[in-house]
Amino acid sequence: MLKTRLFQFLGFLMVLSLVLAACAPQATPTPEATQPPAAETQPPAETEAPPEPTPTPEPTPTPIPRQGALIDSVVFTSIDSPDAAIAQLQAGQLDLFAETVSNPANFNTVKDDPKLRYYNAFGTYVELTFNPVLKFADGRLNPFGDPEIREAINMLVDRNYIVQEIYGGLAVPKFLPMNSAFPDYARYVDVARALEAKYA
């Protein structure tokens with residue numbers, strides 16, 4: 001019995017709270033604040049123009065690895081005068097002069113110029129050539145047709161004088177047809193040295 005009354009009382013409180021909530025005055029919405037119309041505004045003062053954007057640098061292309069030779073072209077020029085060739089080398093108009101130069105003045109010019117380089121070569125030679133025919137067609141006797149006369153002339157020529165005075169030390173005395181820088185000389189070196197000692 002007590003329990004039933006308790007439930008009735010709680011139900012009454014619940015109904016009463018609903019009725020009171022329904023009868024409570026509802027809040028009126030507050031009117032939104034209205035802004036007065038904006039007065040005419042002055043145009044903004046002129047400002048400095050923004051700086052122009054810096055152009056983006058173009059990317060450097062990746063170099064393609066070279067194939068083949070290190071040069072694209074070779075130009076050959078015929079120059080007969082070592083003096084002219086050396087002058088063009090000094091002026092940067094020529095990259096290489098591939099010819100032997102035995103003139104001491106030319107050699108000293110190249111040697112004294114720090115921008116020029118030179119290489120020693122031992123492949124050329126200068127010789128005395130004799131006609132070995134004993135008699136000419138008209139019957140005259142050729143003295144150089146005699147091997148002993150040719151040998152005597154070779155012994156009379158002072159090759160050391162020629163090397164020092166004419167070539168300024170840029171040559172080596174030669175007494176045989178074979179060049180001492182060639183392999184054939186090494187093959188016959190014993191005979192060659194004996195003949196050189198005889199003629200020197």
Participant: Could you walk me through whether N131 and F136 pass the side chain to side chain contact (heavy atoms under 4.5 Å, CB included) test, one step at a time?
Facilitator: CA-CA 10 Å; N131 185 354; F136 295 113; 3.8 Å; yes
Participant: Answer whether the closest heavy-atom distance between the side chains of K198 and E151 falls below 4.5 Å.
Facilitator: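 Contact flag for K198/E151 side chains = yes.
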Participant: For the pair N142 and R140, evaluate side chain to side chain contact (heavy atoms under 4.5 Å, CB included) and give the outcome as yes or no after the intermediate values.
Facilitator: CA-CA 6 Å; N142 178 18; R140 287 180 300 132; over 6 Å; no
Participant: Working to the nearest 0.5 angstrom, can you tell me the gap between N120 CG and F107 CZ?
Facilitator: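 If we round to the nearest 0.5 Å, N120:CG and F107:CZ are 6.5 Å apart.
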Participant: Does D95, at its CG atom, have more than 12 non-hydrogen atoms belonging to other residues, nucleotides or ligands within less than 6.0 Å?
Facilitator: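 It does not: D95 CG has 12 such atoms or fewer within range.
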Participant: CD of E127 to CG of N179: how many Å apart, nearest 0.5 Å?
Facilitator: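 If I round to the nearest 0.5 Å, the distance is 11.5 Å.
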Participant: Can you tell me how far apart OH (Y118) and OG1 (T100) are? Round to the nearest 0.5 Å.
Facilitator: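 Taking OH in Y118 and OG1 in T100, the distance rounds to 15.5 Å.
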Participant: Are I149 and F130 in one and the same hydrophobic cluster, where Ile, Leu, Val, Met, Phe, Trp and Tyr link if side-chain heavy atoms are under 4.5 Å apart?
Facilitator: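 Shared cluster, yes.
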Participant: Hey, what do you get for CG (D158) to CD (Q164), rounding to the nearest 0.5 Å?
Facilitator: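 Going from the CG atom of D158 to the CD atom of Q164 covers 10.0 Å.
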Participant: Look at the side-chain heavy atoms of Ile, Leu, Val, Met, Phe, Trp and Tyr, link any pair under 4.5 Å apart, and say whether L170 and Y161 land in one connected group.
Facilitator: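 No, because L170 and Y161 fall into different hydrophobic clusters, even though each may have its own neighbours under 4.5 Å.
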Participant: Is the shortest heavy-atom distance from the side chain of E99 to the side chain of V101 under 4.5 Å?
Facilitator: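 Heavy-atom side-chain distance check fails, nothing below 4.5 Å.
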Participant: When rounded to the nearest 0.5 angstrom, what is the spacing between CG in N154 and CZ in F175?
Facilitator: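 So the CG of N154 and the CZ of F175 are separated by 9.5 Å.
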Participant: Search all heavy atoms of N160 against all heavy atoms of P173 and return the closest pair with its distance.
Facilitator: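 Shortest heavy-atom separation between N160 and P173 comes out as OD1-CG, 3.2 Å.
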Participant: Grab the two heavy atoms, one from D146 and one from L134, that are nearest each other, plus how far apart they are.
Facilitator: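 Smallest heavy-atom distance, with atoms named: N-CD1, 4.4 Å.
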Participant: Could you give the side-chain donor-acceptor pairs of residues 74-81 under 3.5 Å, partners two or more places apart or in another chain?
Facilitator:
| unit_1 | atom_1 | unit_2 | atom_2 | d |
| --- | --- | --- | --- | --- |
| S81 | OG | D83 | N | 3.3 |
| S81 | OG | A84 | N | 3.4 |

Participant: Between CG of L195 and CZ of R193, what distance do you get to the nearest 0.5 Å?
Facilitator: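 Here the rounded value is 12.0 Å.
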Participant: Side-chain heavy atoms nearer than 4.5 Å, only ILVMFWY residues, links allowed to pass through others: does that put M155 and I162 together?
Facilitator: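 No, because M155 and I162 fall into different hydrophobic clusters, even though each may have its own neighbours under 4.5 Å.
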Participant: If I compare all heavy atoms of T109 with all of I86, which pair ends up nearest, and what's the gap?
Facilitator: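 Looking at all heavy atoms of both residues, the shortest contact is CG2-CG2, 3.9 Å.
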Participant: Contact between Y188 and L176 at the side-chain level, heavy atoms closer than 4.5 Å - yes or no?
Facilitator: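 Counting from C-beta outward, Y188 and L176 never come under 4.5 Å.
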Participant: Would you kindly confirm whether V157 and V126 end up in one hydrophobic cluster when ILVMFWY residues are joined by side chain heavy atoms under 4.5 Å apart?
Facilitator: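 Yes.
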Participant: Clusters formed by hydrophobic residues whose side-chain heavy atoms approach within less than 4.5 Å: which one holds V189, and what are its other members?
Facilitator: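 V189 shares its hydrophobic cluster with Y185.
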Participant: Evaluate the criterion side chain to side chain contact (heavy atoms under 4.5 Å, CB included) for residue pair L89 and R117; output intermediate values, then yes/no.
Facilitator: CA-CA 10 Å; L89 287 168; R117 292 185 297 171; over 6 Å; no
Participant: Is L96 reachable from L116 through a run of I, L, V, M, F, W or Y residues, each pair having side-chain heavy atoms under 4.5 Å apart?
Facilitator: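 Result: no, two separate clusters.
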